[in-house]
Amino acid sequence: MDVLQTLDAIWSARVPILHGLGNTILISLLSIVMGTILGVVVGLLLTYGNWFVRLIVRLYSDFLRGTPVFVLILACFYILSVVGIQLTAFQAGVFALTLFCSSHVGEIVRGSLQAIPAGQTEAAKSIGLTFFGTFFSVLLPQALRMILPTWVNTATEIVKASTLLSIIGVVELLLSVQQVISRTYLSLELYFFAGFVFFLVNFTIEKVGRFVERKVALPT
Amino acid sequence: MTVPVLEIRNLHKRFGSVEVLKGIDLTMQKSDVVSLIGASGSGKTTLLRCVNLLEDYEEGVVAVAGEQIGYVERNGKRVRLREREIARQRAMTGMAFQQFNLFPHMSAIRNVMLGLVKTRKMSKDEAYATAESWLERVGMADRKDHYPGQLSGGQQQRVAIARAIAMNPQLMLFDEVTSALDPELVGEVLSVIKGLAADGMTMLLVTHEMQFAHDVSNKVVFMQDGRIAEEGSPDQLFYHPKSERLAAFLKNSKF
Amino acid sequence: MDYDFNFAAVWRDFDLLLSGLGLGLVLAVVSIAIGCLIGLLAAFGMLSRHAPVRWVSTAYVSAIRNTPILVLILFTYFALPQLGVRLGKIESFIVTLAIYSGAYLTEVFRSGLVSLPPGLREAGLTIGLTEFRTKILITIPVMFRNVLPALGNNFISLFKDTSLAAAIAVPELTFYARKINVETFRVIETWLVASLMYVLACSIIAALLRQVEARLAIPR
């Protein structure tokens with residue numbers, strides 16, 4: 001392994017690699033944000049919907065969670081264009097990751113809402129809170145704290161899954177590094193480099209998540 | 001003079017910088033039944049656990065049947081024995097725990113058989129017969145195929161005692177064996193232990209059941225702050241305590 | 001949307017898809033079996049008295065969990081030959097998946113081990129078993145039964161990850177789905193059938209695992 005040669009290859013390709021990293025972050029951010037918003041809706045419908053709504057949303061969620069995310073990405077990429085929705089590979093990929101994220105966040109939200117003891121809702125009602133009052137002042141603040149660790153975990157899963165977009169031709173970090181590999185043949189060094197950058201991104205997310213967890217933890 | 005079953009000389013035990021046993025001396029002859037009493041934190045459970053080396057000890061000697069447990073002197077240095085040796089020594093004593101500690105994935109009889117097969121190298125059939133007779137003895141033969149999770153606390157404890165006794169130990173250690181039991185289940189376990197005492201089993205017990213300690217023991221040891229504060233016959237300790245601390249302790253124990 | 005559904009093309013190659021599904025299952029089973037061994041070793045490593053052993057185990061878990069599995073797959077297949085380690089596609093994929101699942105199972109086993117009552121080990125020692133035999137006969141079997149649900153979830157997600165074997169042209173379900181997609185242009189049908197096969201397989205596995213769990217559960 002030639003370290004200098006590797007560093008040289010990375011340095012001379014810094015612009016495309018940084019561009020790739022930027023794409024990775026953008027893909028992840030968009031998918032996590034949109035997926036979380038959609039996922040909260042999914043979770044609420046799973047918890048408070050009538051039986052018909054719950055059935056439909058349950059099918060949606062189970063289908064998405066039973067399908068490998070790679071299949072989801074390929075399916076969105078190929079299918080959307082056939083049905084007349086013209087999306088770029090980037091957009092189709094983000095769409096797939098958003099769906100994936102929403103199903104996971106939906107389950108987390110449902111699980112945490114159901115984990116809150118029924119006594120909390122009863123206590124809130126007994127002091128005259130409405131459904132929305134109960135939800136926003138009593139249930140949500142408790143649920144959010146419970147959700148945080150799993151949600152951070154989901155976020156790192158999305159970052160990892162964003163690499164799959166390289167297969168449909170989105171130049172994110174992995175593909176940008178692969179392009180350098182195809183020029184330099186430094187596959188060992190550069191795959192290691194790519195892995196290390198992803199490790200750093202996820203490690204940072206994990207640490208920030210832990211920090212926030214401690215900040216918002218209820219005193220005991 | 002026969003070799004004592006248990007001989008403890010000047011035993012010291014530290015947890016980090018805290019010394020929990022500060023020089024214990026205790027000798028037990030065959031068929032002795034000794035109860036250790038005292039407030040929690042006085043070191044009685046730790047003492048018991050040093051006897052089978054569930055706790056290492058830093059100084060002094062614990063000897064079972066004349067053999068020092070856990071360590072040898074080699075060139076003037078104290079060396080911990082090898083794993084296999086320690087395992088063999090541990091099987092010289094049997095122990096019953098406060099939390100029973102039955103193996104949850106094995107039926108009652110397989111709990112009793114395990115040590116017989118793996119440590120005592122009995123054949124499966126022989127181990128089965130031995131285990132069955134001991135379960136019979138503690139009144140658990142009809143539940144031999146039940147799993148620990150399907151038994152009451154008292155029943156689990158009786159199986160646990162059978163598991164230890166079946167190994168034919170020279171000394172039985174009982175660590176607060178009734179403390180985790182509902183009051184109505186205490187009696188069945190105590191009567192099993194009384195039966196063992198009547199058979200001449202050598203036993204060292206840590207207990208909070210003062211009446212039981214009085215009835216079953218031929219010697220009672222009161223521990224305080226890692227030392228033996230008072231020892232003697234049950235009548236002497238329970239009815240004529242010398243120290244105020246023991247008197248106060250007995251009063252709080254509702255003896 | 002005017003799209004004429006025609007499943008005939010997909011049905012014609014359905015046996016290919018099925019064989020791909022079967023291969024995916026085999027890959028997942030073999031990988032998780034090896035992964036269990038790795039995970040068990042690393043879990044004991046994390047609980048070791050020796051600090052360096054703890055560091056190595058922790059580093060392994062943290063590095064693998066924070067790196068995208070696609071990067072690991074490509075690394076093993078394309079980069080390791082540079083070090084003289086040449087593996088076939090399937091072997092290479094199994095090695096990657098085993099190391100990947102090992103990292104997740106380490107966490108599962110570690111938390112399973114620490115949640116066992118300490119008296120269990122002590123009871124083993126008091127009947128004269130060595131530490132090693134106590135582990136083999138008592139702590140590991142009990143821990144294993146306790147973590148079965150988590151183990152099952154890991155298996156299912158590992159099975160879904162076998163879809164990524166398509167990235168190095170291992171002929172499993174996703175690989176064939178892409179092939180049929182390209183050859184027949186029955187885009188929606190292909191991906192619908194492929195995802196349904198994954199979803200169904202996942203729910204059947206989940207149901208079977210519940211049976212196994214019930215069978216192996218410690219009676220109470």
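Order of the sequence lines fixes the chain letters, A, B, ..., with proteins taken first and strands second; residue numbering starts at 1 for each chain.
Residue A:T163 holds its OG1 atom at 9.5 Å from CD1 of C:I69, rounded to the nearest 0.5 Å. Expressed to the nearest 0.5 Å, how far OH of A:Y78 lies from CZ of C:R178 amounts to 4.5 Å. A distance of 11.0 Å separates CZ of A:F63 from OG of C:S203, quoted to the nearest 0.5 Å. In this structure, the separation between CG on C:L70 and CD1 on A:I167 is 5.0 Å, given to the nearest 0.5 Å.
Counting heavy atoms from C-beta outward, C:N181 and A:L74 have side chains that stay 4.5 Å or more apart. With contacts defined as side-chain heavy-atom distances shorter than 4.5 Å, the pair C:L164/A:L164 qualifies.
Using a 4.5 Å cut-off between non-hydrogen atoms, the part of residues 44-62 of chain C that approaches chain A consists of C:S62.
In this structure a side-chain-to-backbone donor-acceptor pair under 3.5 Å is missing from C:K160 to A:F70. With hydrogens and angles disregarded, no donor-acceptor distance shorter than 3.5 Å links the side chain of C:Q82 to the backbone of A:E189.
Heavy atoms only, all atoms of each residue included: A:G195 and C:T67 are closest at CA-CG2, 3.9 Å. Taking all atoms of both residues into account, the shortest heavy-atom contact from C:N66 to A:E206 is OD1-OE2, 3.6 Å. Counting all heavy atoms, side chain and backbone alike, A:P68 lies closest to C:S163 at CB-OG, 3.3 Å.
Within 6.0 Å of atom OH in A:Y48, more than 12 heavy atoms from other residues, nucleotides or ligands are found, so the atom counts as buried in its surroundings. Environment of CZ in C:R215: sparse, with no more than 12 heavy atoms of neighbouring residues, nucleotides or ligands closer than 6.0 Å. Environment of CZ in A:R145: crowded, with over 12 heavy atoms of neighbouring residues, nucleotides or ligands closer than 6.0 Å.
Applying the ring-ring contact (aromatic ring centres under 6.0 Å, His included) criterion to C:F109, with sequence neighbours excluded, gives C:F144.
In this structure, no portion of C:L173 lies under 4.5 Å from any heavy atom of chain A. With a threshold of 4.5 angstrom between heavy atoms, A:L186 approaches chain C through N, CA, C or O but not through any side-chain atom. Using a 4.5 Å cut-off between heavy atoms, A:S162 makes no contact with chain C at all.
With chain C as the partner, the residue from A:I205, A:L174, A:D62 showing the most heavy-atom pairs under 4.5 Å is A:L174. Between chain C and the residues A:R65, A:Q178, A:K160, the most heavy-atom pairs under 4.5 angstrom are made by A:K160. Your options are C:F159, C:Y198, C:F185, and the one with the most heavy-atom pairs under 4.5 Å with chain A is C:Y198. The candidate with the highest count of non-hydrogen atom pairs below 4.5 Å against chain A, out of C:A63, C:A194, C:A167, is C:A63. Between chain C and the residues A:F198, A:F203, A:F196, the largest count of heavy-atom pairs under 4.5 Å involves A:F198.
The aromatic rings of A:Y191 and C:F78 sit parallel, their planes meeting at an angle under 30°, below the 60° perpendicular limit.
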